[in-house]
Amino acid sequence: MQWGANLVFWAGDKAIGGKMFALANLDDDGRGVLSFAAGPERYNELLENEGVIPAPYLARAHWVFFRRSSKGSRRKLGETIPAKRDSR
C-alpha cells in the first residue's frame, strides 16, 4: 500500500522510473472504486458517463475517477481498461 487504503498499480519498477497507471480504493467507504490514467484522447469521452469524474489531484494529468455507485460504470470500466492496455 502506498497511499493509505489505495492499491497503486505501476508499469515498470517504480524505484527506477516506473509510471503509476491506476489506483484502487480498498476502503469500504462508498467512494470511488478506481482511478486511472485515461490519456488526453479518452479523458473527455469518459467524463460524459454518469459516475465518472475528474480524479482528485490527478485530473490535470488526464486521470478519471469511477464512483462505486454509478450505474454502468463496471461495464464501461471493463471496456476502457483493456483498450488502454492495448494502445501501449
Side-chain angles (χ1 to χ4, degrees):
M1 299 290 176
Q2 175 143 1
W3 294 336
N6 290 308
L7 181 60
V8 181
F9 295 90
W10 293 87
D13 186 350
K14 72 175 183 175
I16 57 172
K19 292 188 177 190
M20 178 175 61
F21 67 91
L23 294 167
N25 181 356
L26 303 179
D27 273 342
D28 193 24
D29 60 4
R31 294 186 334 196
V33 175
L34 184 71
S35 295
F36 67 93
E41 311 83 25
R42 307 270 333 264
Y43 183 74
N44 289 323
E45 173 189 342
L46 290 171
L47 291 178
E48 293 175 4
N49 293 288
E50 180 183 340
V52 180
I53 62 170
Y57 309 107
L58 294 168
R60 69 174 181 235
H62 301 107
W63 279 58
V64 294
F65 179 81
F66 277 78
R67 293 186 180 184
R68 177 166 288 142
S69 61
S70 58
K71 296 178 182 175
S73 66
R74 287 185 186 186
R75 183 181 324 113
K76 189 67 172 175
L77 181 60
E79 294 168 1
T80 302
I81 296 293
K84 180 67 175 162
R85 200 176 321 139
D86 292 343
S87 67
R88 291 182 181 212

NE2 of His62 to CD of Glu41: how many Å apart, nearest 0.5 Å?
8.5 Å

Beyond-backbone contact of Tyr57 with Trp63, side-chain heavy atoms, under 4.5 angstrom:
no

Starting at CG of Asn25, measure out to CG of Leu34 and round the result to the nearest 0.5 Å.
9.5 Å

Contacts of Leu47 that satisfy side-chain contact (heavy atoms from CB on, under 4.5 Å) - sequence neighbours left out:
Tyr43, Asn44, Val52, Pro54, Val64

CZ-CG distance between Phe66 and Leu46, expressed to the nearest 0.5 angstrom:
5.5 Å

Mind listing the closest non-hydrogen atom pair of Phe9 and Ala24 along with its distance?
CE1-CB, 3.9 Å

Residue pair Phe65 / Ser35: nearest heavy atoms and the distance that separates them
CD1-OG, 3.0 Å

